A.B. asks: 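Here it is, the structure, as structure tokens.
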Amino acid sequence: MAEIRRITIFYFSGTGNSKGVASWFCEFAVKKDIQCQLIDISKIDDSVFDIIDSNTLIGIISPVHGFSFPKITLDFIRNFPKGKNRIILMNTRGGMKIGNHVTQGLTGIAFMLSSFILVQKGYKIIGQIPFDMPSNWISIHPALNEKTVLFLHKKNYERVKKHSDKILSGKKDFAAYRNIIQDILISPISLAYYFAGRFFFAKSYYASNDCNNCGLCIKQCPVKAIEDTGNRPFWTFKCESCMKCMSICPKKAIETTHGLWLVAGILCSTIVSALLYKVALVNIDSALFKIALFSFIYIILIGIAYKIQHFLLKYKLIGKLISYTSLTHYKFWGRYKSVRDDKWK
Ligand SMILES: Cc1cc2nc3c(=O)[nH]c(=O)nc-3n(C[C@H](O)[C@H](O)[C@H](O)COP(=O)(O)O)c2cc1C
Ligand code: SF4
Ligand code: SF4
């Protein structure tokens, strides 16, 4: 394989894990006298592609969301111009620590789908490498403790060194193939998450009574998913659940509505089930069509419920009640943000 002299790494990152891995990769490249450039996918326009020549090795890294890449990463890959460059695909998944071992997250279809799109455009995939950084999905589990977070950063730093050595010396590295069976098995869930599930999660965030309307979350959201409604932020369906807003809010006011979410979820699915199976669709046999219609109406109802919730949040008492039923409201739950290198190196 031709010698690598330049590498450009495109990254998307909600809470800093993927950005961290991208910058470590660059660090090891620079030590080998290879030029390295880091570019944030959420801040680019099409002119960025003009600066990449055909000899540059391209890296793409993003977190895995719902066993696939998030929409912003997939859109970026879909809009990538045609080319013949070598590409290395990387991801960060949700890892945990058991004893001295790092448990693995699940990549699902993230690599398969993006490789397929890029190969159609003429690119040559030379690697697919997952990194198991701390899970940042604070909506569904409490933040990992500091010791675990530091441990996972150190372990992944060593792994980035190992894999970057291999790639930058001109070899291929398909470490992801080790998990291929489980990735294929999980693929139906990744599609369900992409087409329906993520909309449900997008409406699980709200700003509690602690919000002082500083606007930071609105400004920093990588996909401009939060609207300023004058009193407190409003999460739209564009939200990708990247967790950035939750991790940066200076008042820790962004919460997941666990209690209300459960009630709204059960209520909405009961209404849709009654509508579909008893009233409207008695004669329709296609299960796929029924699921699609169910999801569509369900998402509309969730959207309406969210608007009502946002309106009611004007009343402090309602805000308090919602907060009390949110696990994210309590101190033990915590927030997650990738730690700076100087804290553990
Ligand atoms: C909405 C959401 C979905 C996630 N889905 C997965 C998943 O399917 N598989 C996995 O291994 N990790 C999953 N995670 C964990 C993240 O991929 C992981 O913590 C990642 O390193 C975060 O990277 P970032 O800090 O660059 O955003 C998910 C996290 C979130 C917030
Ligand atoms: S960052 Fe926090 S305090 Fe500021 S507007 Fe957003 S939710 Fe409110
Ligand atoms: S609203 Fe928050 S969680 Fe959703 S995409 Fe924006 S920063 Fe990420």
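It should be emphasised that the depicted structure is a prediction, and the values quoted were computed from it without experimental measurement. Reckoned from all heavy atoms, side chains included, excluding hydrogens, waters and symmetry mates. Whatever order the structure lists ligands and atoms in, that order sets their numbers, starting from 1.
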A.B. asks: Any salt bridge linking Asp165 with Lys171? Criterion: basic side-chain nitrogen under 4.0 Å from a carboxylate oxygen.
C.D. replies: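 Not counted as a salt bridge, because no side-chain N and carboxylate O are separated by less than 4.0 Å.
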
A.B. asks: Look only at interatomic distance and state if Lys19 has a nitrogen or oxygen under 3.5 Å from any nitrogen or oxygen of ligand 1.
C.D. replies: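 N/O-N/O distance below 3.5 Å does not exist for this pair.
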
A.B. asks: Any link between Leu260 and Tyr206 through a network of hydrophobic side chains (Ile, Leu, Val, Met, Phe, Trp, Tyr) touching at under 4.5 Å?
C.D. replies: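 Result: yes, single cluster for both.
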
A.B. asks: Of all the atoms in ligand 3, which lie at a distance below 4.0 Å from a heavy atom belonging to Ser241?
C.D. replies: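 Those qualifying, in numeric order: 3 (S), 4 (Fe).
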
A.B. asks: What part of Lys238 sits under 4.0 Å from ligand 3 if we count only heavy atoms: the side chain, the backbone, both or neither?
C.D. replies: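 The answer is neither.
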
A.B. asks: List every atom of ligand 2 that sits less than 4.0 Å from any heavy atom of Cys217, numbering the atoms from 1 in the order shown and giving each element.
C.D. replies: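 Listed by number with element, the hits are 1 (S), 5 (S), 6 (Fe), 7 (S).
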
A.B. asks: With respect to the side-chain SG atoms, do Cys36 and Cys26 come within less than 2.5 Å?
C.D. replies: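 Yes, the SG atoms sit under 2.5 Å apart.
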
A.B. asks: Distance under 4.0 Å to a non-hydrogen atom of Gly14: what atoms of ligand 1 satisfy this?
C.D. replies: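 Here the atoms of ligand 1 in question are 24 (P), 26 (O), 27 (O).
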
A.B. asks: Atoms of ligand 1 less than 4.0 Å from Ser241 heavy atoms?
C.D. replies: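 With Ser241 as reference, the close atoms of ligand 1 come out as 1 (C), 31 (C).
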
A.B. asks: Record the part of Ile218 in heavy-atom contact with ligand 2 below 4.0 Å; permitted values are side chain, backbone, both and neither.
C.D. replies: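 No part of Ile218 comes within reach of ligand 2.
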
A.B. asks: Tell me whether Ile41 is reachable from Ile117 by hopping between hydrophobic residues (I, L, V, M, F, W, Y) whose side-chain heavy atoms are closer than 4.5 Å.
C.D. replies: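 Yes; tracing contacts between hydrophobic side chains, which count when under 4.5 Å, links both residues.
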
A.B. asks: Which protein heavy atom lies closest to atom 5 (N) of ligand 1, and at what distance to 0.1 Å?
C.D. replies: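 Going atom by atom, the protein heavy atom closest to atom 5 (N) of ligand 1 ends up being Gly66 N, 2.9 Å.
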
A.B. asks: Suppose I only count heavy atoms of Asn213 and a 4.0 Å limit; which atoms of ligand 2 are within that range?
C.D. replies: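 Going through ligand 2 atom by atom, the ones under 4.0 Å from Asn213 are 5 (S), 8 (Fe).
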
A.B. asks: Would you say Tyr194's side chain and Ile189's backbone share a donor-acceptor pair under 3.5 angstrom?
C.D. replies: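 No; judged by distance alone, with no hydrogens or angles, the pair does not exist.
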
A.B. asks: Counting only nitrogen or oxygen atoms and a 3.5 angstrom limit, does Gly94 reach ligand 1?
C.D. replies: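 Among all N and O atoms of Gly94, at least one is under 3.5 Å from an N or O of ligand 1.
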
A.B. asks: Given Ala253, Cys211, Cys249, Ala207, identify the one with the heavy atom nearest to atom 8 (Fe) of ligand 2.
C.D. replies: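 The nearest heavy atom belongs to Cys211.
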
A.B. asks: Who's the nearest protein heavy-atom neighbour of atom 7 (S) of ligand 2, and how far?
C.D. replies: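 Protein heavy atom at minimum distance: Ile254 CG1, 3.5 Å.
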
A.B. asks: Please report which non-hydrogen protein atom sits nearest to atom 28 (C) of ligand 1, along with the residue it belongs to and the distance in Å to one decimal place.
C.D. replies: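 Nearest neighbour among protein heavy atoms for atom 28 (C) of ligand 1, to 0.1 Å: Val64 O, 3.3 Å.
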
A.B. asks: At a 4.0 Å cut-off, with the gap strictly under it, does some heavy atom of Gly16 reach an atom of ligand 1?
C.D. replies: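 Checking ligand 1 against Gly16, which is what was asked, there is a heavy-atom contact under 4.0 Å.
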
A.B. asks: State plainly whether the residues Glu158 and Lys162 are in salt-bridge range, i.e. N to O under 4.0 Å.
C.D. replies: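 Between Lys162 and Glu158 there is no salt bridge, as every charged N stays at least 4.0 Å from the carboxylate O atoms.
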
A.B. asks: Considering only protein heavy atoms, which is closest to atom 4 (Fe) of ligand 3, and at what distance to one decimal place?
C.D. replies: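 Going by distance alone, atom 4 (Fe) of ligand 3 is nearest to Cys239 SG, 2.4 Å.
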
A.B. asks: Look at the side-chain heavy atoms of Ile, Leu, Val, Met, Phe, Trp and Tyr, link any pair under 4.5 Å apart, and say whether Ile297 and Val263 land in one connected group.
C.D. replies: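 Different clusters: Ile297 never reaches Val263 through Ile, Leu, Val, Met, Phe, Trp or Tyr contacts under 4.5 Å.
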
A.B. asks: Would you say ligand 1 has an N or O under 3.5 Å from any N or O of Ser13?
C.D. replies: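 Yes, Ser13 has an N/O under 3.5 Å of an N/O on ligand 1.
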
A.B. asks: Heavy atoms only: which of Leu106, Thr92, Asp132 is nearest to atom 23 (O) of ligand 1?
C.D. replies: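 It is Thr92 that holds the nearest heavy atom.
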
A.B. asks: For residues 303-315, please give each side-chain donor-acceptor pair under 3.5 Å, one per line with the distance, not counting sequence neighbours.
C.D. replies:
unit_1: Tyr306; atom_1: OH; unit_2: Tyr205; atom_2: O; d: 2.6
unit_1: Tyr306; atom_1: OH; unit_2: Trp235; atom_2: N; d: 3.3
unit_1: His310; atom_1: NE2; unit_2: Thr229; atom_2: OG1; d: 3.1

A.B. asks: Just to be sure I read this right, does ligand 1 sit under 4.0 Å from the backbone of Arg93, its side chain, both, or neither, counting only heavy atoms?
C.D. replies: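 Both the backbone and the side chain of Arg93 come within reach of ligand 1.
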
A.B. asks: Which of these, Lys320, Lys316, Arg232, Lys251, sits in a side-chain hydrogen bond (donor to acceptor under 3.5 Å, both in side chains) with Asn209?
C.D. replies: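 It is Arg232; the other options fail the test.
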
A.B. asks: Does ligand 1 have any atom sitting under 4.0 Å from a heavy atom of Phe67?
C.D. replies: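 It does; at least one heavy atom falls under 4.0 Å.
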
A.B. asks: Give the atoms of ligand 3, by number and element, whose distance to some non-hydrogen atom of Pro222 is under 4.0 Å.
C.D. replies: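 Selected atoms, number and element: 7 (S).
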
A.B. asks: Are Phe12 and Phe69 an aromatic pair by the rule of ring centers under 6.0 Å?
C.D. replies: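 No - the distance between ring centres of Phe12 and Phe69 does not fall below the 6.0 Å cut-off.
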
A.B. asks: Can you name the atoms of ligand 2, numbered from 1 with element, that are less than 4.0 Å from a heavy atom of Lys251?
C.D. replies: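 Near Lys251, the atoms of ligand 2 are 3 (S).
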
A.B. asks: Short list, please: which atoms of ligand 1 are under 4.0 Å from a heavy atom of Ser18?
C.D. replies: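 Close to Ser18: 23 (O), 24 (P), 26 (O).
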
A.B. asks: Ignoring hydrogens and geometry, is there a side-chain-to-backbone donor-acceptor pair from Ser204 to Phe201 under 3.5 Å?
C.D. replies: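 A pair under 3.5 Å: yes.
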
A.B. asks: Does only the side chain of Tyr205 get under 4.0 Å from ligand 3, or the backbone, or both, or neither? Count heavy atoms.
C.D. replies: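 Contact part for Tyr205 vs ligand 3: neither.
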
A.B. asks: Counting only heavy atoms, which portion of Tyr193 has something under 4.0 Å from ligand 1: side chain, backbone, both, or neither?
C.D. replies: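 Looking at Tyr193 and ligand 1, just side chain atoms fall under 4.0 Å.
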
A.B. asks: For atom 25 (O) of ligand 1, find the nearest protein heavy atom and state the residue, atom name and distance (0.1 Å precision).
C.D. replies: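 Going atom by atom, the protein heavy atom closest to atom 25 (O) of ligand 1 ends up being Thr15 OG1, 2.5 Å.
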
A.B. asks: Out of all atoms in ligand 1, which are within 4.0 Å of some heavy atom of Gly105? Include the element for each.
C.D. replies: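 Near Gly105, the atoms of ligand 1 are 11 (O).
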
A.B. asks: Any N or O on Pro63 sitting closer than 3.5 Å to an N or O of ligand 1?
C.D. replies: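 Min N/O separation from ligand 1 is not below 3.5 Å for Pro63.
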
A.B. asks: Can you tell if the side chain of Ile34 reaches within under 4.5 Å of the side chain of Glu3, non-hydrogen atoms only?
C.D. replies: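 Answer no - side chains too far apart.
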
A.B. asks: Cys214 heavy atoms, cut-off 4.0 Å: which ligand 2 atoms fall inside?
C.D. replies: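 Under 4.0 Å from Cys214, ligand 2 has these atoms: 1 (S), 3 (S), 4 (Fe), 5 (S).
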
A.B. asks: Under a 4.0 Å N-O cut-off, is there an ion pair linking Lys345 with Glu27?
C.D. replies: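 Result for this pair is yes, salt bridge flagged.
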
A.B. asks: Considering Asn212, Asp210, Asp228, which one's heavy-atom position lies nearest to atom 3 (S) of ligand 2?
C.D. replies: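 It is Asn212 whose heavy atom sits nearest to atom 3 (S) of ligand 2.
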
A.B. asks: Following the transitive rule for hydrophobic clusters with a side-chain heavy-atom cut-off under 4.5 Å over Ile, Leu, Val, Met, Phe, Trp and Tyr, establish whether Val223 and Phe76 coincide in one cluster.
C.D. replies: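 Both belong to a single hydrophobic cluster.
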
A.B. asks: Checking contacts here: is it the side chain or the backbone of Pro134 that comes within 4.0 Å of ligand 1, counting heavy atoms only? Could be both or neither.
C.D. replies: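 Within the 4.0 Å criterion, Pro134 contacts ligand 1 through backbone atoms alone.
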
A.B. asks: Does ligand 1 have an atom that lies less than 4.0 angstrom from a heavy atom of Ser135?
C.D. replies: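 Yes, that is the case, since the closest heavy atom of the residue is under 4.0 Å from the ligand.
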
A.B. asks: Assess Lys161 against Phe28: is NZ or CZ under 6.0 Å from the centre of the six-membered ring, and within 45 degrees of the ring's axis?
C.D. replies: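 Pair Lys161/Phe28 counts as cation-pi.
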
A.B. asks: Tell me: protein heavy atom nearest atom 5 (S) of ligand 2, and distance?
C.D. replies: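 Of every protein heavy atom, Gly215 N, 3.2 Å lies nearest to atom 5 (S) of ligand 2.
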
A.B. asks: For ligand 1 and Asn136, I'd like to know whether there is a polar contact (N/O to N/O, distance under 3.5 Å).
C.D. replies: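 Yes, there is a polar N/O contact under 3.5 Å.
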
A.B. asks: Look only at interatomic distance and state if Met243 has a nitrogen or oxygen under 3.5 Å from any nitrogen or oxygen of ligand 1.
C.D. replies: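 No, Met243 has no N/O under 3.5 Å of an N/O on ligand 1.
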
